[in-house]
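Written out below as structure tokens is the structure these notes cover.
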Amino acid sequence: MTVVILANEALKEELLMQGLQPSLTVHWINSVEEFNDHPDAAAFVDLLFNCETARLAILKELPVRPVVIAAMNIDHATLPSNFVSINGWPTFLKRTVVEAFCNDEEIKNKTKTVFSAFNKELSWTSSSTAFPTARVVAMIINEAYFTLEEKVSTKEEIDTAMKLGTNYPYGPFEWSKKIGLPKIVSLLETLAKEKKLYAPAPLLKMEAKQ
């Protein structure tokens with residue numbers, strides 16, 4: 001089985017964290033246009049996905065196979081039935097379980113086969129707007145920024161307290177740097193359209209623009 005994957009080096013390393021089974025051949029590419037050079041691939045994976053119209057147009061023109069996108073800030077229900085959304089934020093692909101969304105059972109089974117070759121499992125969510133883990137982590141980071149605004153503690157102290165108190169792999173500020181502040185703000189703003197409690201902290205929005 002051959003899969004074509006668009007990723008940077010950091011995400012490639014995360015995806016390969018649990019190894020790669022010999023049954024899978026991977027073609028690593030550097031641009032979305034290169035997907036068209038592999039029409040016979042069993043699946044296409046865009047870990048650098050963004051919601052630009054031109055990018056979506058290219059992906060929608062690919063052969064009807066699993067088209068896997070790391071889409072955190074898009075209404076998954078509006079995507080074609082052969083699309084699979086995954087939680088591909090930096091640090092999340094390290095895990096053996098990857099959150100995913102898809103409504104087509106055949107496509108889900110094919111995608112499961114692909115990720116099993118990376119020794120990973122897929123956890124299917126029914127939410128069409130955000131993955132549970134990303135939602136929780138974004139809120140933790142947001143609350144940490146509110147705490148910092150109130151001058152309760154420093155970034156370093158809050159990070160240390162969270163790691164020691166919850167056994168999280170990273171503190172909220174450390175995690176926010178790895179994920180990218182603009183991504184966190186974008187997700188929170190999308191969620192805030194449904195519930196105002198997700199509104200990003202002013203300091204978080206300010207630092208995301210720097």
In terms of side-chain geometry, is the basic nitrogen of Glu174 or Lys163 positioned less than 4.0 Å from the acidic oxygen of its partner? yes
Using the test salt bridge (charged side-chain N to carboxylate O under 4.0 Å, His left out), find all partners of Glu207 that sit at least two apart in sequence or belong to another chain. Lys155
Does Glu106 have any side-chain contact (heavy atoms from CB on, under 4.5 Å) partners at least two apart in sequence or in another chain, and if so, which? Asp104, Lys110
In terms of heavy-atom contacts, Met72 and Ala134 come closest through CE-CB, 3.1 Å
Start with the C-alpha distance between Phe92 and Val137, add both sets of side-chain angles, then the distance that settles side-chain contact (heavy atoms from CB on, under 4.5 Å), and finish with yes or no. CA-CA 11 Å; Phe92 286 84; Val137 170; 3.8 Å; yes
Got a second to check how far His27's NE2 is from Thr25's OG1, nearest 0.5 Å? 6.5 Å
Enumerate the residue pairs fulfilling ring-ring contact (aromatic ring centres under 6.0 Å, His included) with a member in residues 189-210, sequence neighbours excluded, ordered by first and then second residue. none
By salt bridge (charged side-chain N to carboxylate O under 4.0 Å, His left out), Glu121 pairs with (sequence neighbours left out) none
Across all chains, not counting sequence neighbours, the ring pair (Phe, Tyr, Trp, His ring centres under 6.0 Å) partners of Phe131 are His76
Might you confirm whether atom NZ of Lys183 has over 12 heavy atoms from other residues, nucleotides or ligands at distances under 6.0 Å? yes
Would you find more than 12 non-hydrogen atoms of other residues, nucleotides or ligands less than 6.0 Å from Lys108 atom NZ? yes
From Asn142 CG over to Leu197 CG, what is the distance, rounded to the nearest 0.5 angstrom? 9.5 Å
Any non-hydrogen side-chain atom of Thr111 less than 4.5 Å from a side-chain atom of Phe83? no
Residue list, side-chain contact (heavy atoms from CB on, under 4.5 Å) with Thr78, at least two apart or on another chain: Asp75
For Thr96, check side-chain contact (heavy atoms from CB on, under 4.5 Å) against everything at least two apart and list the hits. Gln18
Kindly compute the distance separating CD1 (Ile140) from CD1 (Ile184), expressed to the nearest 0.5 Å. 11.0 Å
What I'd like to find out is whether the side chain of Ile158 reaches to under 4.5 Å of the side chain of Thr154, using heavy atoms alone. no
So if I apply the side-chain hydrogen bond (donor to acceptor under 3.5 Å, both in side chains) rule between Asn87 and each of Arg135, Arg95, Glu99, which one comes out positive? Glu99
Taking ring pair (Phe, Tyr, Trp, His ring centres under 6.0 Å) as the definition, give me every residue that meets it alongside Tyr145, ordered by chain and number, with sequence neighbours left out. Phe173
Between Tyr168 and Met17, is there a shared hydrophobic cluster once you connect ILVMFWY residues whose side-chain heavy atoms come closer than 4.5 Å? no
Just so I know, are the side chains of Val45 and Val4 near enough to count as touching, which here means a heavy-atom distance under 4.5 Å? no
With rounding to the nearest 0.5 angstrom, report the CD1 to NZ distance, Ile86 to Lys120. 9.5 Å
By ring pair (Phe, Tyr, Trp, His ring centres under 6.0 Å) - contacts of Tyr170 (at least two apart): Trp175
Could you tell me whether Asn167 atom CG has more than 12 heavy atoms of other residues or ligands within 6.0 Å of it? no
Closest non-hydrogen contact found for Leu6 with Ser31 is CD1-N, 3.5 Å
Might you point out which heavy atoms bring Pro182 and Ala208 nearest each other, and give the distance in Å? CG-O, 3.7 Å
Value for SG (Cys102) from CG (Leu122), rounded to nearest 0.5 Å, stands at 10.0 Å
Measure the spacing between CG of Leu11 and CG of Leu16 and express it to the nearest 0.5 Å. 11.0 Å
Do Leu148 and Ser153 make a side-chain contact, defined as non-hydrogen atoms from C-beta onward lying under 4.5 Å apart? no
So, do Leu93 and Leu47 sit near enough that their side-chain heavy atoms are less than 4.5 Å apart? yes
N/O donor to acceptor pairs below 3.5 angstrom from side-chain atoms of residues 188-196, sequence neighbours left out:
| residue | atom | partner | partner atom | Å |
| --- | --- | --- | --- | --- |
| Thr190 | OG1 | Asn73 | OD1 | 2.4 |
| Thr190 | OG1 | Asn73 | ND2 | 3.2 |
| Thr190 | OG1 | Ser186 | O | 3.1 |

What donor-acceptor contacts under 3.5 angstrom involve side-chain atoms of residues 52-61, with partners at least two apart or in another chain?
| residue | atom | partner | partner atom | Å |
| --- | --- | --- | --- | --- |
| Arg55 | NE | Asp46 | OD2 | 2.8 |
| Arg55 | NH2 | Asp46 | OD1 | 3.2 |
| Arg55 | NH2 | Asp46 | OD2 | 3.3 |
| Arg55 | NH2 | Leu48 | O | 3.4 |

Please check if Phe146 and Met139 belong to a single hydrophobic cluster, counting links between Ile, Leu, Val, Met, Phe, Trp and Tyr side chain heavy atoms closer than 4.5 Å. no
Glu157 and Thr160: side chain donor to acceptor below 3.5 Å: no
Name all residues meeting the ring pair (Phe, Tyr, Trp, His ring centres under 6.0 Å) criterion together with Phe35; count only those two or more places apart in sequence or in a different chain, and write none if there are none. Phe44
One pair to check against side-chain contact (heavy atoms from CB on, under 4.5 Å): Phe49 and Val32. What are the steps and the verdict? CA-CA 9 Å; Phe49 177 80; Val32 68; over 6 Å; no
Any side-chain heavy atom of Ile107 sitting closer than 4.5 Å to one from Val84? yes
Exam field: side chain Gln21 to backbone Ser116, donor-acceptor pair closer than 3.5 Å: yes
Heavy atoms only: give me the nearest Ala42-Met1 pair and the separation to one decimal. CB-CG, 3.4 Å
Go through the steps to decide whether Glu9 and Glu13 satisfy the test side-chain contact (heavy atoms from CB on, under 4.5 Å), and finish with yes or no. CA-CA 6 Å; Glu9 285 301 316; Glu13 181 178 339; over 6 Å; no
Residues Pro63 and Asn82: closest non-hydrogen pair is O-ND2, 4.1 Å
Is the shortest side-chain heavy-atom distance between Ser81 and Asn103 below 4.5 Å? no
Side chains of Val68 and Phe115: closer than 4.5 Å at any heavy-atom pair? yes
What pair of heavy atoms forms the shortest contact from Leu79 to Ser85, and how long is it? CD1-OG, 3.5 Å
